[in-house]
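I have placed the structure first, in the form of structure tokens, so that the comments after it can refer back to it.
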2 protein chains.
Amino acid sequence: MQPMTSTEIQLAARPTGWPTHDNFHVATVELGDLKPGEVRVANAYVSVDPYMRGRMNDVRSYVAPYAIGERITGGAIGRVIASAADTLPVGTVVLHQHGWSDVIQADAATFRAVPELEGVPLSLYLHILGMTGLTAYVGLTRIAQMREGDTVFISGAAGAVGTAAGQIARLLGAKRVIGSAGSPEKVRLLTEKYGYDTALNYRDAPIRKQLAEAVPEGIDVYFDNVGGDHLEAALDMMNDGGRLALCGAITAYNSTERVPGPDNMANIITRALSIRGFTLSAHLDLSAEFNARMTEWFAAGKIAYDETVVDGIEHTVDAFIDMMRGANTGKMLVRTGE
Amino acid sequence: MQPMTSTEIQLAARPTGWPTHDNFHVATVELGDLKPGEVRVANAYVSVDPYMRGRMNDVRSYVAPYAIGERITGGAIGRVIASAADTLPVGTVVLHQHGWSDVIQADAATFRAVPELEGVPLSLYLHILGMTGLTAYVGLTRIAQMREGDTVFISGAAGAVGTAAGQIARLLGAKRVIGSAGSPEKVRLLTEKYGYDTALNYRDAPIRKQLAEAVPEGIDVYFDNVGGDHLEAALDMMNDGGRLALCGAITAYNSTERVPGPDNMANIITRALSIRGFTLSAHLDLSAEFNARMTEWFAAGKIAYDETVVDGIEHTVDAFIDMMRGANTGKMLVRTGE
């Protein structure tokens, strides 16, 4: 039986600091009849990502902020359950950016069909085989210009992007890969499952001190998912000509006060460092290259992953907040079907 | 009559915070007889530069720190007064890096002959026609990848590098050039003599506030000679894809405490900014290109300059300290002869 309504999560009010349930509204939306060219998709998984926090603010950024009263948009994957479009027959698995809802109905052109492969869970298209993996790949190859033999430090290493980045750095020939995470379990996983040579628990001691002891030879590439004290620690230890890819600054996302930057910015000059911030939208031209390489690595059994799955669209906000607090290992997902 | 001694300035002790005379020693050195291949040079001018402050510290950097008890090395220009080398006969004007002394005697290979041209004071080879001009050129063209039509902000704009950078940015087709300096006289000079469209006196009000009002359209390229509050102000106003060349951080050089960095580092990510620190040594391959273009601009009367000249090698430390405090307009030099 076809669902005639969808449950979706809308932005009710802009968060100040940490988001709370009050900032969101769970809405039941009538789907109505399919119009020509439209499809109805039952989502299997929807994605919660750190960058979404930024879009909840009303500030100038690379993408427009989320509008009050509208659905939180972002990555999701599902299956076509009704179709008025020849291009996407019922049963097709599709990726899209319609975001936080269990069912979505829209023009077929806003969905992209993906192959359903034996042994490849659909959820992977939302992380290691999708935007998350591509983010790690772009950050290392284009932004940080990683080269074989580089020593690479990755913060937020047990998160979705971090677990991907560590493995990709290894596969691209890093001499040494160092990661940081926030629990003993995560740190163990980094070395045992994700091929990190060294993993630091930033809750054990100041990361600045730990990193200096762990990498006396210095760092060539820093992949930053965290900002704050981690960026400062990395700036201390960068080698001459080092390259820093700034992908995330989760420490600043939920702060209500202005957070001072690193106290060692002068190293940027004396060591001729290059710091580049990036978001994926400007680098989608690397998708084909990434897909080719990642598919090969994955098929060869060289890629590990973890998922932290929360069930039910109505728990999406919990999943989002938990992810911001670092409760996830690997990719945080909301399962809404299948 | 040939001088048989030289007066030179040696580092006596590493400064903590602002340098004082106690950190230096004025020494009289016996020159001895010329050995084969050596020349004796009477300096006309020696250069005092901000980067020298960094070399007075015992920290890891792109060049080794100055050694205690040894002459402060750096740019100088003079004339050969005695020669035991065929390549550099008496009378030749030479540039060199032997630094703070009135007479210098050394192997001819450590000097570079420069043409003595009608209407071109020798001192210019120590700034607009030399390393200072090249620094401005490298920072704009290679580091910040300046393009025609860019809006360019330059801090420390009335200094040696700043006055050069403003003019070069204009000649390279900047849409608008904004500068900051620390006195009404300097600010006036920027717009009246150096072609800046807008000049801000950072002592009038917080530079962050002034810059936001002066450049509502945003900045494409920031050339940083100052760091601190100026870098923070620039990060507020950078356009998407903006490029920052960090050349100096004079605000941090003499601080005994760690100075927090900008509180708006997240803009690096959301606006996909590129920040590159640089020092000239890695970019000397651009010398020929710079010399060709600058010579043409200079001959066409398109290049203005200022010099703040202090007389006498024994006043070099005063000149250096005054320069760090911003007492100079344009290039700070010590005249030691001619």
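Each chain gets a letter, A, B and so on, in the order its sequence line appears, and its residues count up from 1. It should be emphasised that the depicted structure is a prediction, and the values quoted were computed from it without experimental measurement.
Note on B/D220 versus B/K175: no salt bridge recorded, every NZ/NE/NH1/NH2 to OD/OE distance being 4.0 Å or above. By the 4.0 Å N-to-carboxylate-O rule, B/R176 lies close enough to B/E217 to be salt-bridged with it.
For the set B/I275, B/L244, B/I143, B/L246, the count of heavy-atom pairs under 4.5 angstrom toward chain A peaks at B/I275. Between chain A and the options B/E257, B/R276, B/M265, B/R258, heavy-atom pairs under 4.5 Å are most frequent for B/R258. Per-residue counts of heavy-atom pairs under 4.5 Å with chain A were compared for B/N267, B/D263, B/N264; the largest is that of B/D263. Heavy-atom pairs under 4.5 Å with chain B were tallied for A/A282, A/A266, A/P262, A/A272; the largest tally goes to A/P262.
For A/L231, the part lying under 4.5 angstrom from a heavy atom of chain B is the side chain only. A/L273 touches chain B through its backbone: at least one of N, CA, C or O sits under 4.5 Å from a heavy atom, while the side chain does not.
Under the ring pair (Phe, Tyr, Trp, His ring centres under 6.0 Å) criterion, the residue pairs touching residues 141-161 of chain B are B/F153-B/Y222, with sequence neighbours excluded.
Judged as a side chain to side chain contact (heavy atoms under 4.5 Å, CB included), and not counting sequence neighbours, the contacts of B/R203 are B/N201.
In this model, a donor atom of one side chain and an acceptor atom of the other lie less than 3.5 Å apart for B/S155 and B/D224.
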